[in-house]
Amino acid sequence: MHPHINVHLLASRVAPKSFAGRTVVVIDVLRATTTIAAAVAAGVEEVIPCGEVEEARSWKQRDPRVLLGGERGGLPIEGFDLGNSPLEYTPERLAGRRLVFTTTNGTQAMLRCRQAGRVLLGAFVNLEALVQAVAGDPTIELLCAGRLGAISREDSLLAGAIVDRFQLRSPSTTISDEAALARDAWQAVSTRVKNGVSLAKTLRDGAAGRNLAAIGLDRDIYAAAQIDAVRVVPELDVARWWIRPMR
Ligand code: MLT
């Protein structure tokens with residue numbers, strides 16, 4: 001059987017039961033999945049995604065050793081140890097630690113995957129490692145977090161880049177119309193990148209990128225645009241509800 005890829009450009013539109021038993025890749029380029037990839041590359045013990053700020057705080061009340069990370073409105077949350085900048089997630093701060101993490105869109109997309117068989121996290125920074133990780137799966141669901149209920153440019157582009165690389169390896173792969181749209185958009189951007197327009201500039205032009213630039217976080221956009229900067233694939237274990245490096 002030929003592999004098949006579905007792309008879901010907006011997580012909030014997807015019924016969680018449609019993922020039952022399937023392989024899902026959650027995508028939130030700016031910045032949740034980029035930051036978690038950085039945390040995993042930095043040697044975090046595990047990341048526990050949670051939907052609400054108060055839920056994260058209650059983890060810390062139970063165990064003061066956990067680190068709290070994430071954002072609301074792009075900004076660090078009061079009393080948290082870390083914001084949502086991938087650059088903060090260094091081995092010095094993260095190695096061997098447990099991180100409880102909550103963001104506006106990315107962790108919400110993860111919560112939609114409770115019924116999935118396998119959940120991996122994708123970003124431009126781990127594109128190749130991710131494509132290799134899903135190479136044997138018959139059906140792959142690429143779930144774009146989007147932003148505040150709207151499709152986001154950078155998540156759609158990464159989904160397209162995954163489809164593009166996957167089809168280069170396995171030309172017989174079949175894809176949904178949303179996957180074809182995302183791939184066509186990525187191919188247009190990729191041509192511009194080859195002609196010298198940086199990927200970071202394209203990411204900055206989307207709504208999430210403009211928001212980050214407005215709050216002085218251009219450097220995070222640049223960090224998120226570093227294709228294949230890390231070799232890790234974070235995996236969300238839905239039974240234990242933690243993220244660790246894929247085994
Ligand atoms: C999110 O999950 O909503 C994002 O990562 C937002 C952000 O980084 O500002």
Side-chain angles (χ1 to χ4, degrees), residues 8-14 16 24-42 44 47-56 67-78 80-90 93-94 99-114 119-127 130 142-159 199-200 202-226 229-230 234 236 241 243:
H8 308 274
L9 292 174
L10 187 54
S12 57
R13 240 176 27 192
V14 182
V24 184
V25 177
V26 179
I27 296 171
D28 184 7
V29 172
L30 294 177
R31 296 164 285 172
T33 54
T34 300
T35 299
I36 293 175
V40 169
V44 73
V47 182
I48 298 151
C50 61
E52 304 300 329
V53 171
E54 285 315 314
E55 190 190 339
L67 293 173
L68 301 186
E71 58 67 43
R72 283 298 180 269
L75 297 168
I77 301 165
E78 199 188 328
F80 275 40
D81 304 288
L82 297 142
N84 192 21
S85 168
L87 301 170
E88 293 174 73
Y89 287 69
T90 58
R93 300 196 77 178
L94 271 296
L99 171 72
V100 177
F101 188 74
T102 180
T103 66
T104 316
N105 307 285
T107 54
Q108 301 302 330
M110 292 168 211
L111 288 164
R112 303 188 90 78
C113 300
R114 285 191 181 278
V119 183
L120 305 177
L121 307 190
F124 279 108
V125 295
N126 71 346
L127 173 58
L130 180 81
L142 303 183
L143 181 65
C144 300
R147 181 169 184 269
L148 305 175
I151 290 171
S152 69
R153 189 180 194 189
E154 65 283 353
D155 294 346
S156 310
L157 288 173
L158 175 62
L199 177 59
T202 301
L203 301 188
R204 192 182 189 280
D205 286 346
R210 292 196 304 273
N211 179 58
L212 289 173
I215 57 177
L217 294 174
D218 272 289
R219 60 185 184 276
D220 287 1
I221 305 171
Y222 182 77
Q226 301 308 305
V230 298
L236 171 60
W241 204 252
I243 296 164

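In each ligand, atom 1 is the first atom listed, and ligand 1 is the first ligand listed. In what follows, residues are counted from 1 in the order of the sequence shown.
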Give yes if a backbone or side-chain nitrogen or oxygen of Ala32 is under 3.5 Å from a nitrogen or oxygen of ligand 1, and no if not. yes
Heteroatom proximity flag, Asn84 to ligand 1, N/O under 3.5 Å: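 Yes - when backbone and side-chain N and O of Asn84 are compared with those of ligand 1, one distance drops under 3.5 Å.
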Is the backbone N or O of Gly122 less than 3.5 Å from a side-chain atom of Thr33, with the two atoms forming a donor-acceptor pair by type?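 Flag set: sc Thr33 to bb Gly122 pair under 3.5 Å.
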Under the 3.5 angstrom rule, does the side chain of Thr35 hit a backbone N or O of Asn84 as a donor-acceptor pair? yes
So which of Gln108, Arg147, Glu71, Arg72 gets nearest to atom 6 (C) of ligand 1, if we judge by its closest heavy atom?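 Looking at heavy atoms only, Glu71 sits closest to atom 6 (C) of ligand 1.
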Between Thr102 and Glu52, a side-chain donor and acceptor under 3.5 Å: no
Considering the heavy atoms of Gly106, write down every atom of ligand 1 situated less than 4.0 Å from one of them.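 Counting from 1, the qualifying ligand atoms are 1 (C), 2 (O), 3 (O).
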Can you list the ligand 1 atoms lying under 4.0 Å from a non-hydrogen atom of Thr104?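 By the 4.0 Å cutoff, the relevant atoms are 1 (C), 2 (O), 3 (O).
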Please name the residue in the list Thr103, Val119, Ile243, Val47 that meets the side-chain contact (heavy atoms from CB on, under 4.5 Å) test with Met110. Ile243
Minimum-distance protein heavy atom relative to atom 1 (C) of ligand 1: Asp28 OD2, 3.1 Å
To which protein heavy atom is atom 9 (O) of ligand 1 closest, and what is the distance rounded to 0.1 Å? Arg31 NH2, 3.0 Å
Looking only at heavy atoms, is any part of Leu30 under 4.0 Å from ligand 1, and if so is it the side chain, the backbone, or both, or is it neither?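 The answer is the backbone of Leu30.
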Is the closest side-chain heavy-atom distance between Val44 and Leu67 below 4.5 Å?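 Side-chain contact under 4.5 Å: no.
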Smallest separation among heavy atoms of Leu10 and Gly146, with atom names: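 Minimum heavy-atom contact is CD1-CA, 4.1 Å.
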